[in-house]
Every structure is written in C-alpha cells, then in structure tokens.
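Letters A, B, ... are given to chains in the order of the sequence lines, protein chains preceding strands, and every chain is numbered from 1.
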Amino acid sequence: MTPTEPAKVVIEARDVHKSFSAGKRLVRALRGVELIARRGEVTGLIGPDGSGKTTLMRMIIGLLVPDSGTIHALGRDATRDSLAVQAVVGYMPQRFGLYEDLTVQENLELYADLQGVPRGARLERFQELTHMTGLGRFSGRLAGRLSGGMKQKLGLACTLVRTPELLLLDEPTVGVDPQSRRELWAIIDRLVRDDGLSVFVSTLYLDEAEHCDRVVIIHEGEVLGQDSPGVYSERMRGRAWTVMAAGVKPRAIQARLARVDGVLDAVVQGDGARVVGEVGWTPEPSRLLAGLEGATLAPAAPRFEDAFIDMLRSRAAGVEIAAPGERPIPNRHGDGPVIEVEDVQRRFGDFYAVKGVTFQVARGEVFGLLGANGAGKSTTFRMLCGLLPATAGRLRVAGVDARTAAATARERLGYMSQKFSLYGYLSVRQNLNFFSSAYGLAGARRGDRIRWALDQFQLAPYADAQSADLSLGYKQRLALACALLHEPEILFLDEPTSGVDPLARREFWRRINALAEQGVTVLVTTHFMEEAEYCDRLAIMAAGKILALGAPRDVKRSAVAAGEAEPTMEDAFIRLIERDQGSRDTT
Amino acid sequence: MKASADLPMGFARRWMRLRGLVRKEFVQIMRDPSSIAIAFLLPVILLLLFGYGVSLDAEHVAIAVVVDQPSDLTASFTGGLVRSRYFNPIFLPTMAEAERAMRERRASAIVRLRSDFAEKRLRGSAPIQVVINGTDANTGRLVAGYLEGVWTAWLVEEARASGGSVVVPVEVEERVWFNSRIRSRDFLVPGLIAIIMTLIGTLLTAMVMAREWERGTMEALLSTPAAIPEILLGKLIPYFVLGAGGMLQSVAMALWLFEVPLRGSFLALLGSATLFLLAALGLGLLISIVSKNQFVAGQAAILGTFLPAFILSGFLFDISSMPAFVRGITYLIPARYFVAILQTVFLAGNVRSILIPNGIALFVMAVLFLGLSRLMSRKRLG
C-alpha cells in the first residue's frame, strides 16, 4: 500500500475482525481487513456475495461494532463516535430505506428533516436533486410505484439531501437495469467531479471497477488487493488472448479451450472465445487450436476481470467438472421446436405484463431472455411452466399445450428459480430425497440419480450439511442438481447466477453448455449482459414486448447502424431500449 | 454513546427530526387502510358484538315443560313461567320428548310436574322435578336459580290465596348497587374499552416498528443523525393520538349508544386512559424491538397481550374467583388495572381506593416498558 497523507484519507480500517454466529456455525465475516479510501476519489469494494462488503459498510457508518481493530471515517472513530460520523457521512444501504407508501417529495422531506437541512435551502436542493436524478416529473408519485432504477435514484437523492463529505453506497446497482445503472454511475461521477465528494461503493459487477479510481477486492472477509483498475489489468498484460474459428459455435470453442492445461479462464466473446493463461503460459497454436478448423489466435488487451479471476483461482482449489455428457437425452418429438410461444399476452387488470410475444426454441438450444425488472421475463416464464394462464395466444412446451396440459409439460421440465427454492433446514441429501420423490422417482432409479447428483456436483462431502449453511455457489449447485434429478428435456433457469461469484458462474455455465450438448433445451433469464454471450439465441424484452431476437451477434448488430463497430451486449441493450422509448414517445 | 461537541445537536434540529418522523408516521397511517381499520373499525365491531350480541344475563331461556296431569293448579304454576321474562316455556306431552328437546338444544332445562303435584300441594309441599343442561355451567346455574325463584314465588302466592301459610325463612329485599339494572352490558362495555386500547396500543406499535426492520427502512433511519429517543417518540406520538382517538370513540359509543352511565369524572377516565395507553405502547415497542419481524411481532402482541387482557383482566371473568396461581399472573397484565378503574369510574364513581393503587400500577408499568424500550434499542444492527 502506498502511504497516503492523513488529510487525504477518508476511510481507514485497521486489522478489522468480525464474526457472527449463524445457528451453530460461526461465520467469520471479516478477517483482518486493512483498507484506505482517499478524498475526492471513487473507491470500489468488489467481491462476491457473502464476502463481507455489507458488514464493512455498516461498520464504517457505525451500525456494527468490530470484534477487534479500528475504523475511522473522516478522521472520526466510527465505533465510539458513531453519531458524529452519521452527521457527516451519507449512507445508502443495499435496500435503501425508502418509504414506499410515501411520495417522492415526502421521502425527500423526511430525509431533509432527519439530516437537518434548513427549510430555506430545501427548495433549491430538491430541484437540483430531482433534476440530477430525472425524478422531477414523479415528485407526487408513491415511491413504491417507481421502477427499480428510479427507486435507487431516489434513494441516492435522499442520501444526498445534505451534501455529505463522504458517500457510502452498498451495491447501488444490484437489480437495476443497465440503463439506470449507467445513469447512476454518471451521477456518482458528477458528484465526485463537481462537488469533490469522496465515494466508497460496493458492487459485485466486475465491469464497474472501470468507474473507480481505486478498487479494493474483498473475498471471504479478506482484502486481496487495493489498487487502481489499471494496475490490476497491467499485471495481466500478455496473458490474454482471443481465439476465433469461423463456423464453430463460440460456446464450443470456449468449452474446448477451458479444458486445455495452463488455461486459467476461458469465456465466450463475440464470435469466439477469450482465454487467460496462467503465469508464464504461452499458447501453442498447434495444441491449443487442434480440432478447431481455421482457428486464429491473437493477443488481447488485459482487463480488470482477468486479474480478479487470477486472484480467486490462486486461492480456490480448481473445481474439476467431470464431463457430464454420459448419456444424451432421447429425442421424443422429432425436429420441431421444443418451446413454441405464439403471440402470447398476459394482462393484469388493464396492465399488459406481456403483450404479443412470439419465439421458438429448438432442441438442445440455450435461449436467453434479457430484460430489466418488469420487462415481462418472469411472467413469460410462469406461463411456460403452466403456473400462470395466458390471457391470449398459444404456448406449447415439449409438444403439449402449457395451458391445458400443464402437469404433463411440467414432468418434462426442470425449474431452478432465483431463490434456489431449497429447504434450508434439510441437509443436502434430504433435499435431494425430497425433490426426487416430488418428481416421482422411486426404487433403484432414485438411488442412482441421487448418487449421480452427489457425485456430479461434488456435493458428496457436504451430503449431511444443512443446505442453509452452504455457500451461495454450493446452494446453486444443489438447486441445479435438484432440477435435474428427473432428467428433464427442458431446463428453465430464472436468474440462476445472481449474486454468485464469477468462478461459480463460469462453472455453472460450463455445466449448462454440457447439458445443451446432450440435447437438453435451456431457457434462461439473466440480467448479466455478458452472460447473454453463452446463449445460442436470445430475446431482449422491455415493457412486455420483444425488441430484438436472434443470435447474440445479430442482436448486437441490430442495435447499431450498418458500418458501425459491433457494440457490447450492454450497449446494444441500452440502444434498443432507447430506440423503443423514442418510438413510443413519438407515437 | 456520547455526542461530540461539534455536532449540531441543538433543540431546533432535534425538533425538526422529531416533527419529520411524526409527520411521516401520520402520512403512512392515512395511506394504510389496515391501521385505520384496527384503530377505528375494529372497536366499533367489537363494541357492537359485545354490546348487543354477547350477554351474560339469561333471558328468554327455552325450557321444556311436562305436565303429567294438567289441572287448575298446574296451570297456575306454569302461568308463572309463561309470564316470567327469563323463560320461554315449550309444553311437551311426555318426558321422552322433553329429553329429546334438551338433547337437540331446543331447551336448556326440563320442568316436570308429576301426576301427584296437586295432591302433594294440598299436603303443604308441591315438589317439581327440574332437569338442567349443565353444559354451560353459568347459564345452568342461573336457570336453576330463576326456576327456584318462580317456584317459591308461586308457593307464597298460592298460600296467600288459600289462606294457608308457607314458611319462608327469610324475606329478602334486594337492592343492587352500582349496576342497578343488572345489565351485563353496562359491565362489559367499559372493560371492552381496555381491550380495544390494548389492541391499538400494542398490536399497531409492535407491527409498525417491526415493519421498519423488515423493509430495511430502519437501517437508513439509524444511519441518519436521528437519535433513539427521537425515533421512539416518532412512533409513540402518532400511535398515542390514534389510541386516544379510538378510546374517545369507544367512550362516546358506550355513553350514547349503549347508555352506560358514567358516574365518575371524565378527568379520571382520561388520566387513567393516558397511563394505560403509555403502558400498552411501551409494550408494543418492546415487542417489536425484540422481534424485528412483523409476523412474530403480531403473534407476540396477540398471544402476549390481547388474549391475556381478554381472559385475565377481569373484563369477562371475575379475578377473585380465579385460582391463586392464575390470580398471580393477572398482576402482570396492564389491562387488569385499567379494567378495574374503568368499571369503577363508569359504574360507581371516583372511588379513590380503587383509582389510586391501580393508577400507580399503570404508571409503574408505563415507566417500565418505555424505559426498557429505550434501554434495549441502540443505534446498531445485530
């Protein structure tokens, strides 16, 4: 760590330890955290769920007391002088405390009262804030009626009613659509630039590191590094490569490369794959590209994510995934589409959650539904599962009508929800037992499948552990295992990777790819734009409609004019949404 | 926790924060139909139910009357039953049918005049056979008493008419004090006010504080310069007003709809209600500080305060006839003291020997619960 003048330090943590008891287990949330945040900078705190980010935030604002060690915010002891810290530091918790039954204006008034903003200064400040956040038009609207992104912006505005010297933001962009995410970052950048604010922001999105002056990486309660994003990626120079092979599915390239010795990380990118090697690894084209017809290898610019993966990999023992493709799923209904959605509508009162959606998914295809909260993804999902009847239109799943033969359709599909739907008080084995009986498995087959699940997902060492005590990555594995017990032909995944660390996410996608290779049809919703690259085809949804449909590359191209460079999936997404809003405003 | 000197801790700031919190709470109350319903609609429903529906008096009780050998004499006796406002006699020809009527709950008692009724009457006594359905012990006892009364009155009447004499050992001249009409409603309605206020004070407060924890608003609130007393007062004041409103509405209904007399002073009523409300609110706050979860807080408020207030406060069941152990428990229930005060203020007047000790008990409980709430809440999570 480079020494910093005391006057320039806004947050300083020294050897901070904190443990919680969760049931019988002792969770060591923070283990000897040392960090510094500087004045006038954006300091990012990046780490997966459960790495200790929120615990640290709460300690800085004085809501939690460290077991040992000290934390200072703006030179004040956060533990002993909490009220003084709270008077000068603005804190936006993960679920910001907006009163949903109060209007935008009333929320602002309340926080102005609580922060002691003089009456005379309020009008001007509110105007500034509502202008900055684009909330001006909604001042009379109940906070509960705002979209997820709007809520976060209002939360930020409430935190800023009395301009704080230091702003703490705990995962402000979680559950927010890409457009609002970008707008939130623009606001933060402006606050730092114009008002000289210091910002300490936590996130689990690696791409947000680029917005930060300095990034603190935290994992399992330990700080792994604190530097500028450039320093992290510079360390990886010469270790990143792109592999392209015309005519080969990018997913197949990625799957192949991931198994090569010396490859640290391989992800799908555009029409090819991006590879990061271990230290000192030099790709040997002949070996690396064997079996990939006409493949090319080119060096790539390093990025922050590479360094992050490198750090996590060196700590976590690599998880070997046995190739799960032991037996292909029998093809029961020819070459026709497995999922057919034709002009489907779903209305709640006079609100159309889904209006006129049409798409088809072929056997063995990975199909993605991308969209912000409220775009109609979950409603479409529920209709396909037969959990919600469609108001109009035709839905066929595995050859049967999802409206009339929901039960038959359900036997052929596996479903994994965002919340993982596990019984926390049951052990891993008990969960598997329960789900196998729920799917009607009995006798030898049941025993076989449970053994398969324990073995395939490396769950055997935890078979008797309570599933509530598992880490998020293991919960995700167990949930996927439960959804696959009855060997479904179709797999529905609702935000399967939300909150899971990047390593677990990569492993998860490798499994999904292997399943697709076996002939399983996969329908997945996600808000991680880069994960869209793993899909064979995808649909971008907004306000109940499909804005773009096709292979990732076609979707990206459809968002820009001919001749323009291919945008990232996130850029494409935002452009499509803006175009849609524009066309709606003009009509 | 000590406040630093460089902090703007002036009275004006504190007042601004408190006012903001109170106003916010009122806006939430206004927008949430369920809290309005608990505060104003539920009392009306409970009062109507108990005022009109539930009565501890036995009136117009259906009884089966079997007369084995009808005569002028039996007619004269049964006439007494017909005239009595306590009974609704059904005349049945045989004992078997009467028994069936009782089994089918069409009659609460059987009165049988055997064939030798007239004959025995001439010899001085006229025994009647009475079978009581004892399932509802309370009503059963009342019916037995009333029947005996009718019978005794008839004997005396008969004796006077025939010039003979019946030895009635003691002539009782009754005068009922305090509830001279002996209407159970006059006794139930004041007690009910205590129950209603327990509900508003404890249940609402327990729920709204837990709601702040559940929705994550508490974390944001705690991270502002607002101090704990301000946050607690921000809850106490609005729900005190709501509870007081509910109480005034209930008192108005008691006085003008149910015509319960108010023999004591309105001031005594107001003073004791204030103390009770503070105790109830304090208990509600305490519950939600401990539980932080709306479901648990709601259960705890109902099981821990509302039900005991219903059963153990003396509102329905006489405390002095409870076993010593249960009687001991009643001392822990704030409603007990308030019910005693209410029944006294409404039906008897300002009886100092009741008002003062019970008032002190309420005061102690209010201080205890509010003090504990203050002590147990910190500006910390976890």
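Within 6.0 Å of CZ on B:F295 lie no more than 12 heavy atoms contributed by other residues, nucleotides or ligands. Shown here is B:F306, whose CZ atom has more than 12 heavy atoms of other residues, nucleotides or ligands within 6.0 Å. By the 6.0 Å contact criterion, CG on B:L332 is enclosed, its count of non-hydrogen atoms from other residues, nucleotides or ligands being greater than 12.
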Intermediate values then yes/no, side-chain contact (heavy atoms from CB on, under 4.5 Å), A:Q86 and B:T224: CA-CA 6 Å; A:Q86 286 154 5; B:T224 67; over 6 Å; no

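Proximity to chain B involves both the backbone and the side chain of A:L114, based on heavy atoms less than 4.5 angstrom apart. Looking at A:T103, both its backbone and its side chain come within 4.5 Å of chain B, counting heavy atoms on both sides. Contacts of A:V117 with chain B are made by backbone atoms alone, with heavy-atom separations under 4.5 Å and no side-chain atom involved. In this structure, chain A has heavy atoms under 4.5 Å from both the backbone and the side chain of B:R215. At a 4.5 Å heavy-atom cutoff, B:L18 makes no contact with chain A through either its backbone or its side chain.
In this structure, A:L63 and B:E219 have side chains that are in contact, with non-hydrogen atoms separated by less than 4.5 Å. Contact of the A:L98 side chain with the B:T217 side chain is not registered, since no non-hydrogen atoms from C-beta on lie closer than 4.5 Å. With contacts defined as side-chain heavy-atom distances shorter than 4.5 Å, the pair B:L21/A:L110 qualifies.
Contact count versus chain B (heavy atoms, under 4.5 Å) is highest, among A:A112, A:P118, A:G116, for A:G116.
The closest side-chain donor-acceptor pair between B:E212 and A:Y99 falls under 3.5 angstrom. Using a 3.5 Å distance cut-off with no hydrogens or angles, the side chains of B:S223 and A:R58 do not pair a donor with an acceptor.
Closest approach of B:R380 to A:S82, counting heavy atoms only: NH1-OG, 2.7 Å. Across all non-hydrogen atoms, the minimal contact from A:A87 to B:P225 is CA-CG, 4.0 Å.
Taking CZ from B:R19 and CD from A:E109, the interatomic distance works out to 10.0 Å, rounded to the nearest 0.5 Å.
Using a distance-only test at 3.5 Å, with no hydrogens or angles considered, no donor-acceptor pair links the side chain of B:R17 to the main chain of A:Q115.
When the options B:R31, B:Q28, B:K24, B:R23 are evaluated for a side-chain contact (heavy atoms from CB on, under 4.5 Å) with A:E106, the one that passes is B:R31.
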